[in-house]
Amino acid sequence: MISSKMRRAIGAFGAVSLIALAAGCGKPAVTPPAKVVDDAAGATAEDAAAFVDKVEATYREAFEEASRIQWVNSTYINFDTDWLAAKNAGEITKMAVDFANEAAKFDKVELTPDLRRKLDFMKLGITLPAPTRDGAADELAQITTRLGSTYSTGSISVDAAKYKAELSAIRGPDGDLSDGVIRQNETELLMRQMRDPEKLAEVWTKWNDYAAGMKNDYARMVEIANDGAKELGYSDVGALWRSGYDMTPDEFEAETDRLWSQVKPLYDQLHCFVRAELNEKYGDDVAPLDKPIRADLLGNMWAQEWGSISDVVSVGGAGQSVDLDKILVEKGYDPVKMVSAGESFFTSLGFNALPDTFWQRSQITKPRDREVVCHASAWDLDSQDDLRIKMCTTVGAEDFTTIHHELGHNFYQRAYKDQPILFQGGANDGFHEAIGDMIALSITPEYLKQIGLIETAPPASEDLSLLMRQALDKIAFLPFGLIVDKYRWKIFAGEVTPDHYNDGWWALRTQYQGIRPPTERPGAGFDAGGKYHVPGGVPYTRYFLARILQFQFYKAACDQIGWTGPLHRCSFYGSKDVGAKFNAMMEMGASKPWPDALEAFTGTRQMDGSAIIAYFKPLMDYLEEENAGRQCGW
Ligand code: X8Z
Ligand code: ZN
């Protein structure tokens with residue numbers, strides 16, 4: 001499975017990672033056995049340059065074909081597209097592993113920084129490497145394809161009559177409600193909307209139970225990919241993943257812990273306040289004040305972002321001043337119009353409009369009558385202009401943010417399209433995830449007024465309620481963003497074994513997020529498998545980094561326009577200067593160590609939590625006061 005610097009699509013199963021999808025069928029692809037090159041005798045810098053040229057030419061062609069296969073598979077999952085995707089993924093993994101091994105013959109040759117970086121990326125771009133022994137790459141590709149499809153085509157069964165109202169709310173009056181089968185993306189929508197603790201617990205439990213069916217495949221995937229990582233010289237896959245940040249794996253882990261300790265006080269205050277609000281709504285039985293919060297009450301299947309329960313968590317008793325969910329519906333926005341609005345923000349900064357093919361080829365809403373990967377992703381199929389998003393958009397605030405997120409990937413991809421293919425990627429993967437989010441931070445009431453979504457911006461007295469809505473998404477996410485990989489690092493290192501997959505998961509969930517499951521979980525289950533990126537093999541620390549970085553980018557942009565007001569009210573909509581400077585960072589792609597890119601836009605070389613802390617300062621002051629008499633913690 002390939003990703004990062006070698007990916008063509010971001011956030012796609014398989015296409016973030018060209019090689020993730022696999023079929024459980026079909027004859028293995030025929031490819032020559034890989035040869036491990038350990039003879040460095042006589043290799044020169046010129047040889048290295050010629051080798052890199054060959055690899056890049058090969059990848060340009062191979063990635064385009066792989067992306068198109070992955071696209072068809074992700075937008076039409078069936079036996080045949082799984083078969084094709086798995087076959088192709090196996091071939092690409094073999095090719096990439098062969099190149100990575102061959103690159104080792106230049107380990108001791110003195111090279112320019114660019115060449116050295118490209119050779120390093122040949123290894124680091126393989127998210128889940130296969131060992132070179134016969135059959136391993138194909139087995140891995142089949143497993144990862146099956147995991148992807150099993151997740152995306154997953155469903156649960158409920159009593160249709162009991163959920164009639166909820167199902168018609170998400171399917172509309174014409175939707176068929178009779179069968180009681182709730183599909184994966186519908187379980188997400190239900191967790192957002194339902195407020196009945198018994199129904200929440202049922203949907204939550206059934207989805208997490210469904211995930212247990214992916215456990216054996218996952219455990220086998222870990223075995224094979226770890227063998228592959230060892231052949232490439234890493235202790236395990238976790239170490240490989242932590243090596244992509246221009247520092248050692250240990251330094252990177254320490255860096256993420258440092259960032260977490262900077263922002264943890266924000267989370268602790270938010271947790272304390274939200275738990276008290278839930279206690280008021282649901283009472284001591286469902287939401288006691290002295291225990292971790294029940295994970296199904298937070299408006300999200302994974303308790304990762306809590307913005308959907310802003311109706312429950314109110315500031316000073318005030319209602320929601322700007323209810324974007326309602327406004328988008330009232331103003332007659334449909335999914336395409338939402339994407340158009342997102343594009344307009346980027347063009348206001350001076351970026352060119354998206355190509356016509358974006359509109360012709362993207363999947364913006366869920367097609368009827370066929371299985372697709374609903375999890376949102378952004379694609380660049382030809383490493384040039386064939387940009388697309390793939391979403392199952394519903395009209396509302398959450399997907400409006402996700403659209404900006406995905407478009408951020410597309411505009412980044414286009415900005416670095418003239419880089420050599422091995423440098424076509426984010427400065428690090430956190431940058432890639434932060435671009436669109438940074439733009440979305442600029443969706444302030446003042447901006448909504450500018451684009452005609454609201455008539456008058458609310459007074460400053462309503463800032464706290466707006467900040468609360470943001471905190472429920474941005475701050476609540478921080479520990480989740482950290483633990484998904486802390487968990488997988490432990491699995492790859494053998495510290496959490498399949499018999500204890502759930503024990504390991506819930507230990508971290510409780511320790512970092514302060515949440516608990518609504519029902520008793522089997523220790524040997526696989527609840528983490530119910531989160532897209534786990535069966536999808538998509539590394540997750542990138543999203544933690546992005547939560548920090550997006551505020552750094554945003555603050556830098558606001559400084560550039562000379563903003564002196566409260567940070568959360570700044571919108572840089574329409575600033576060509578910010579656009580030009582942002583583009584200068586984006587067009588570097590992955591060609592330089594990430595601190596260079598960060599410095600180009602923000603003037604600093606450190607990832608740092610002080611911008612997110614500054615943004616939420618007014619809310620934190622409020623929360624500290626409100627929580628003063630409370631027993632916080634769990
Ligand atoms: O997976 C995504 C994007 C695609 S890269 C929609 N995100 C993470 C998630 O959904 O878990 C964005 C925020 C975190
Ligand atoms: Zn993304």
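Hydrogens, waters and symmetry mates are skipped; everything else that's a heavy atom, side chains included, is used. On a predicted model such as this, the values are computed, not experimentally measured, just so you know. Counting starts at 1 for both ligands and their atoms, following the listed order.
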N or O pair under 3.5 Å between Glu406 and ligand 1: no
Carboxylate-amine/guanidinium contact Lys215 Asp217, below 4.0 Å: no
Mode of His432 contact toward ligand 1 - side chain, backbone, both, neither (heavy atoms, under 4.0 Å): neither
N, O or S of His432 under 2.8 Å from the Zn ion (ligand 2): no
Residue Glu433 vicinity, atoms of ligand 1 by number, heavy atom under 4.0 Å: 5 (S)
Derivation of the side-chain contact (heavy atoms from CB on, under 4.5 Å) call for Lys417 and Asp385: CA-CA 8 Å; Lys417 71 174 185 169; Asp385 304 304; 2.8 Å; yes
Contact (N/O only, under 3.5 Å) between His375 and ligand 1: yes
Test of proximity, Tyr543 against ligand 1: N or O pairs below 3.5 Å: yes
N or O contact, Tyr540 vs ligand 1, cut-off under 3.5 Å: yes
Glu186 with Arg171: basic N within carboxylate O range, under 4.0 Å: yes
Glu433 atom (N/O/S) at minimal separation from the Zn ion (ligand 2): OE1
Listed partners of Ala557 passing side-chain contact (heavy atoms from CB on, under 4.5 Å), at least two apart: Met438, Phe572, Val578, Phe601
Under 4.0 Å to a heavy atom of Ala376 - the qualifying atoms of ligand 1, by number: 4 (C), 6 (C)
Geometric N/O contact Gln304 with ligand 1, under 3.5 angstrom: yes
Min heavy-atom dist Arg547 to ligand 1 below 4.0 Å: yes
Aromatic plane relationship, Tyr416 with His432 - under 30° parallel, 30 to 60° tilted, over 60° perpendicular: perpendicular
Sub-4.0 Å atoms of ligand 1 with respect to non-hydrogen atoms of Lys531: 9 (C), 10 (O), 11 (O)
Nearest option to atom 12 (C) of ligand 1, as decided by whichever heavy atom of Met391, His405, His409 sits closest: His405
Ring-face cation contact, Phe358 with Arg388, 6.0 Å cut, 45° max: no
Residues forming a side chain to side chain donor-acceptor pair (under 3.5 Å) with Asp608, sequence neighbours excluded: Gln262, Ser610
Presence of salt bridge, Glu406 and Lys390, under 4.0 angstrom: no
Qualifying residue, where the test is ring pair (Phe, Tyr, Trp, His ring centres under 6.0 Å) with Trp505 and the options are Tyr487, Tyr512, Trp302: Tyr487
